[in-house]
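Structure record follows, encoded as structure tokens.
Residue numbers start from 1 in every chain, and the chains themselves are labelled A, B, ... in the order their sequence lines are given, proteins ahead of strands.
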Amino acid sequence: MPELPEVETVRLGLRAVMEGARIEALELRRPDLRFPFPEGFAARLEGRRIEGLGRRAKYLLADLDDGARVIMHLGMSGSFRIESASGAATPGVFHHPRDGRSLHDHVLFHLSGGQTVVYNDPRRFGFMDLAPGPGDAASPHLALLGIEPVGNAFDGAALLERLAGRRNPLKAALLDQRLVAGLGNIYVAEALHRSGLSPMRQAGSVTAAEAARLAEAIRTVLGEAIAAGGSSLRDHRQTNGELGYFQHAFRVYDREGEPCPSPGCHGIIERSVQAGRSTFWCASCQI
DNA sequence: AGGATACCCTGACCGC
DNA sequence: TGCGGTCAGGGTATCC
């Protein structure tokens with residue numbers, strides 16, 4: 001799944017065609033994704049104009065002209081692509097031979113501009129929901145989210161405050177969406193390596209200086225990843241069908257056994273498992 | 001409190 | 001070419 005940079009890449013691509021457009025028809029090709037679609041979902045969207053397309057953590061937010069907000073999560077394998085009226089096939093996307101449409105195209109937004117925005121999700125861990133209005137409190141999905149790591153308020157002090165007193169491993173704390181919202185397995189690994197901190201460290205043991213370094217590393221790695229169009233491992237694509245390329249800039253993620261890329265470090269990248277997820281790190285320079 | 005585990009689901013890959 | 005096992009960018013529930 002997409003983590004924050006992949007979702008932001010998708011948002012930037014979709015914004016150009018969705019903002020200001022009217023949803024002429026919403027085509028649901030099955031009754032559910034991870035959860036059933038909300039009652040009357042299609043009817044409540046049809047005819048509405050999309051006034052803005054935002055993002056909170058890993059959620060895409062479409063604000064409608066009647067005040068409602070569509071909340072979309074890509075799960076592990078969700079992607080959006082834009083089809084123009086010509087209906088040209090997207091490179092690299094499997095199209096079902098029967099109707100020319102991929103088996104996993106589940107939701108189609110038919111827009112007034114002539115384009116169709118297609119949501120594809122093989123694993124269906126993604127979902128869509130409707131909130132009555134803007135503001136995190138209006139949705140149970142957003143209400144408990146922590147600080148936005150690319151927002152202005154995120155710095156060493158803000159991070160230190162959230163880690164203080166926590167006894168769980170630093171990696172687990174950073175993956176907790178209630179503390180910092182938007183990080184996932186890849187970017188936690190990358191940010192910890194860049195800041196020289198061990199994923200095994202007790203979260204509450206991080207000092208003010210270390211928190212400042214970590215916050216800066218998080219901000220930098222997310223920014224670089226967004227600029228690269230995200231990371232494409234299996235499923236993520238930009239909305240024009242192109243791959244992201246930040247995966248080539250990984251320093252530790254999926255690099256078990258390779259030499260640590262830190263200057264002057266002679267360590268080897270290790271893999272271990274924390275909370276059921278792979279952790280990649282260098283025991284020599286991450287302390 | 002927080003850790004470990006199972007689960008939701010499909011597809012890719014590996015070894016046999 | 002097939003088959004079983006394992007793994008995957010997320011989030012949630014449930015059990016200790």
Side-chain angles (χ1 to χ4, degrees), chain A residues 1-10 29-36 55-60 71-80 92-94 96 102-106 119-129 139-146 149 162-192 199-205 218 221-222 225-226 228-238 243-250 252-256 271-280:
Chain A
M1 159 320 140
E3 302 182 35
L4 188 154
E6 290 73 40
V7 177
E8 181 65 8
T9 297
V10 168
R29 305 185 81 236
R30 51 176 301 127
D32 56 13
L33 293 170
R34 178 173 180 181
F35 309 117
R55 181 192 56 74
R56 175 76 168 100
K58 304 173 193 174
Y59 294 84
L60 277 173
I71 295 169
M72 297 172 278
H73 196 287
L74 302 173
M76 289 279 269
S77 60
S79 65
F80 281 94
V93 174
F94 172 72
H96 196 280
S102 161
L103 180 61
H104 301 298
D105 286 352
H106 303 310
Y119 179 69
N120 181 284
D121 188 355
R123 294 177 74 180
R124 301 201 305 276
F125 287 176
F127 59 87
M128 295 190 188
D129 198 9
S139 166
H141 298 113
L142 310 181
L144 298 179
L145 289 177
R162 284 159 180 79
L163 297 178
R166 305 217 148 245
R167 310 177 67 86
N168 59 344
L170 183 53
K171 184 202 181 185
L174 293 173
L175 282 177
D176 187 339
Q177 302 296 300
R178 297 169 300 182
L179 300 182
V180 180
L183 299 176
N185 211 31
I186 292 178
Y187 297 104
V188 164
E190 295 297 313
L192 285 171
M200 318 298 173
R201 274 276 288 274
Q202 188 172 288
S205 75
I218 289 170
V221 75
L222 294 179
I226 291 168
S231 302
S232 291
L233 299 188
R234 279 163 289 277
D235 301 299
H236 169 67
R237 283 176 182 270
Q238 305 187 52
L243 301 173
Y245 51 90
F246 191 72
Q247 65 277 12
H248 303 301
F250 290 168
V252 290
Y253 184 83
D254 207 18
R255 297 204 178 282
E256 181 184 14
R271 174 184 179 272
S272 49
V273 175
Q274 292 179 289
R277 323 270 313 261
S278 290
T279 291
F280 297 93

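Residue A/Arg271 has a polar side-chain atom (N or O) positioned under 4.0 Å from OP1 or OP2 of C/dA8. Look at A/Asn168 and you'll find a side-chain N or O under 4.0 angstrom from OP1 or OP2 of B/dG3. Between A/Ser77 and C/dG9 there is no side-chain polar atom (N or O) within less than 4.0 angstrom of OP1 or OP2. Proximity of A/His73 to the phosphate of C/dG11: a side-chain N or O atom is located under 4.0 Å from OP1 or OP2. A close approach under 4.0 Å does not occur between any side-chain nitrogen or oxygen of A/His104 and OP1 or OP2 of B/dC9. Within the structure, every side-chain polar atom (N or O) of A/Tyr187 is placed at least 4.0 Å from both OP1 and OP2 of C/dG9.
Judged by distance alone, with hydrogens and angles left aside, the side-chain atoms of A/His73 form no donor-acceptor pair with the main-chain N or O of A/Asp129 at under 3.5 Å. The backbone N or O of A/Lys171 sits nowhere less than 3.5 Å from a side-chain atom of A/Gln274 that would complete a donor-acceptor pair. Listed for the A/Gln238 side chain is no donor-acceptor partner under 3.5 Å among the backbone atoms of A/Val10. Judged by distance alone, with hydrogens and angles left aside, the side-chain atoms of A/Glu6 form no donor-acceptor pair with the main-chain N or O of A/Gly230 at under 3.5 Å. Side chain of A/Arg271 to backbone of A/Val273: no donor-acceptor contact under 3.5 angstrom is found. A donor-acceptor contact shorter than 3.5 Å links the side chain of A/Asn185 to the backbone of A/Ser278. At least one donor-acceptor pair under 3.5 Å links the side chain of A/Glu3 to the backbone N or O of A/Ile186. Remark: the backbone N or O of A/Phe250 is paired with a side-chain donor or acceptor of A/Arg255 at under 3.5 angstrom.
Between the CD atom of A/Gln274 and the P atom of B/dT5 there is a distance of 13 Å, given to the nearest Å. We find that CE of A/Met76 is positioned 16 Å from P of B/dC7, with the value rounded to whole Å. Between the CZ atom of A/Arg255 and the C1' atom of C/dG9 there is a distance of 16 Å, rounded to whole Å. Rounded to an integer number of Å, the gap from CG of A/Asp121 to P of C/dG9 is 15 Å. Distance A/Gln177 CD to C/dG9 P: 14 Å, rounded to the nearest Å. Atom CG in A/Asp254 sits about 13 Å away from atom C1' in B/dA12, given to the nearest Å. Atom P of nucleotide C/dG9 and atom CG of A/Leu222 are separated by 16 Å, given to the nearest angstrom. B/dT10 atom C1' lies 14 Å from atom CG of A/Leu33, rounded to whole Å.
In this pair, A/Phe125 does not lay its aromatic ring on the base of B/dC9; centres under 5.5 Å and planes under 30 degrees do not both hold.
Annotation: B/dA6 and C/dT6 have their C1' atoms spaced 16 Å apart (nearest Å).
Among the heavy atoms of the strands lying under 4.0 Å from A/Ser278 are primed sugar atoms or P, OP1, OP2 only; no base atom is included. Within the nucleic acid shown, A/Arg124 comes within 4.0 Å of sugar-phosphate atoms alone, with no base atom in reach, counting heavy atoms only.
In terms of polar N and O atoms assigned as donor or acceptor, the side chain of A/Arg234 comes within less than 3.5 Å of the base of C/dG9 in a complementary pairing. For A/Arg123 against C/dA8, a side-chain-to-base donor-acceptor contact under 3.5 Å is present.
Taking 4.5 Å as the limit, some side-chain heavy atom of A/Arg124 sits within range of a side-chain heavy atom of A/Arg30.
If you check B/dG11, B/dG3, C/dA8 against the side chain of A/Tyr253, the one that comes closest is C/dA8.
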Could you run down the sub-3.5 Å N/O contacts of the protein with nucleotides 2-6 of chain C?
none

**Message:** Dot-bracket for DNA chain B, please. Rules: Watson-Crick or G-U, both distances under 3.5 Å, ( ) within the strand, [ ] when a pair crosses earlier ones, | for another strand, . otherwise.
**Reply:** .|||||||.|||||||
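Taking a 6.0 Å sphere around CZ of A/Phe35, one finds it holds more than 12 heavy atoms contributed by other residues, nucleotides or ligands.
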